[in-house]
Amino acid sequence: MKIFVIELYEDDPEKSTGRKMVRFGFAKYTEKPRGIVLNPLSEEVISIDDIEIVNKYGISVIDSSWNKSDAKFYARFMSRFSRRLPLLFAGNPINYAKPYKLSSLEAISASLYILNFVDISLKLLSLYKWGKTFYDLNRELLESYRGKHKDEIIEIEKSFFKEEPQQ
Ligand SMILES: C[S@@+](CC[C@H](N)C(=O)[O-])C[C@H]1O[C@@H](n2cnc3c(N)ncnc32)[C@H](O)[C@@H]1O
């Protein structure tokens with residue numbers, strides 16, 4: 001599994017989950033984006049349809065600070081290989097329970113889960129105590145997205161937001 005971290009050196013090095021993935025041998029640094037690039041502003045959602053690209057070229061995360069990552073910043077990384085994650089909630093203490101605002105490690109772990117690489121996804125989460133919190137918060141969603149095509153994932157996401165009918 002080729003996991004790449006585009007490291008922007010913007011956050012406290014002790015707290016960067018991207019750097020930790022590299023330190024523990026799960027990922028390598030890269031200067032240029034490789035394979036599928038996780039970009040929260042992409043219009044396209046990651047799905048099993050991306051498996052061939054990930055197997056061949058890998059997956060990259062942009063390890064920047066959320067405070068400095070605005071639309072202009074993410075536009076620099078936009079390409080036909082950019083993908084967003086479907087609805088998931090952060091389990092890390094900094095953005096706990098916020099939708100879509102995941103740490104680098106959560107973003108990679110969730111992507112691998114969706115692509116059916118469950119073992120490595122869970123191994124990554126085990127690097128942090130809050131990894132279990134992320135999994136517990138998102139277990140059902142992750143399981144529902146796992147191995148699904150893009151249009152199916154969009155439907156699952158939409159159904160989450162549909163209002164319950166009035167009694
Ligand atoms: C903004 S950085 C913050 C990293 C944080 N400082 C850390 O140590 O983990 C998080 C990165 O994870 C990926 N990511 C997070 N949430 C995402 C989402 N909803 N869709 C796509 N990528 C996402 C993006 O590459 C994003 O730049």
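Every number for a ligand or one of its atoms is a count from 1 in the order of the listing.
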Distance-only side-chain donor-acceptor flag, Ser104 / Asp63, under 3.5 Å: yes
Location of contacts on Glu106 toward ligand 1, heavy atoms closer than 4.0 Å: neither
Contact (N/O only, under 3.5 Å) between Ser65 and ligand 1: no
Identity and distance of the protein heavy atom lying nearest atom 5 (C) of ligand 1: Asp11 OD2, 3.8 Å
Nearest neighbour in protein (non-hydrogen) for atom 20 (N) of ligand 1: Leu85 N, 3.0 Å
Short N or O distance, Tyr74 and ligand 1, threshold 3.5 Å exclusive: yes
Which residue and heavy atom of the protein sit nearest atom 14 (N) of ligand 1, plus the separation: Ala107 CB, 3.5 Å
Crowding at CZ, Phe26 (>12 non-hydrogen neighbours, <6.0 Å): yes
Check: Phe134 main-chain N/O paired with Asn138 side-chain donor or acceptor under 3.5 Å: yes
Glu44 bridged to Arg83 by N-O distance under 4.0 Å: yes
Heavy-atom nearest neighbour of atom 22 (N) of ligand 1 within options Leu8, Leu38, Asp12: Leu38
Contact atoms of ligand 1, heavy-atom distance to Lys15 under 4.0 Å: 8 (O)
Min side-chain heavy-atom separation Asp50-Ser47 under 4.5 Å: yes
Side chain to side chain contact (heavy atoms under 4.5 Å, CB included) partners of Asp119, counting only residues at least two apart: none
Test of proximity, Ser104 against ligand 1: N or O pairs below 3.5 Å: yes
Polar proximity ligand 1 side, Val61 side, N/O cut 3.5 Å exclusive: no
Aromatic Tyr128 / basic Lys20 pairing, under 6.0 angstrom, 45° off normal: yes
Exceeds 12 heavy-atom contacts within 6.0 angstrom, atom NZ of Lys150: yes
Location of contacts on Ser64 toward ligand 1, heavy atoms closer than 4.0 Å: both
Asn39 contact mode with ligand 1 (heavy-atom cut-off under 4.0 Å): backbone
Ser16: numbered ligand 1 atoms lying under 4.0 Å from its heavy atoms: 8 (O)
Arg83 near ligand 1 by a heavy-atom separation under 4.0 Å: yes
Closest protein heavy atom (residue, atom, distance) for atom 11 (C) of ligand 1: Ile62 O, 3.3 Å
Check: Glu143/Tyr113 side-chain N/O donor and acceptor closer than 3.5 Å: yes
Protein heavy-atom partner closest to atom 17 (C) of ligand 1 - residue, atom, separation in Å: Tyr100 O, 3.6 Å
Heavy-atom side-chain contact between Ile156 and Pro86 under 4.5 Å: no
Closest approach of any protein heavy atom to atom 7 (C) of ligand 1, naming residue and atom: Thr17 OG1, 3.4 Å
Check: Glu106 side chain, Asn92 main-chain N or O, donor-acceptor pair, under 3.5 Å: yes
Nearest-neighbour protein heavy atom for atom 15 (C) of ligand 1, which is reported as residue plus atom name and distance: Leu102 O, 3.2 Å
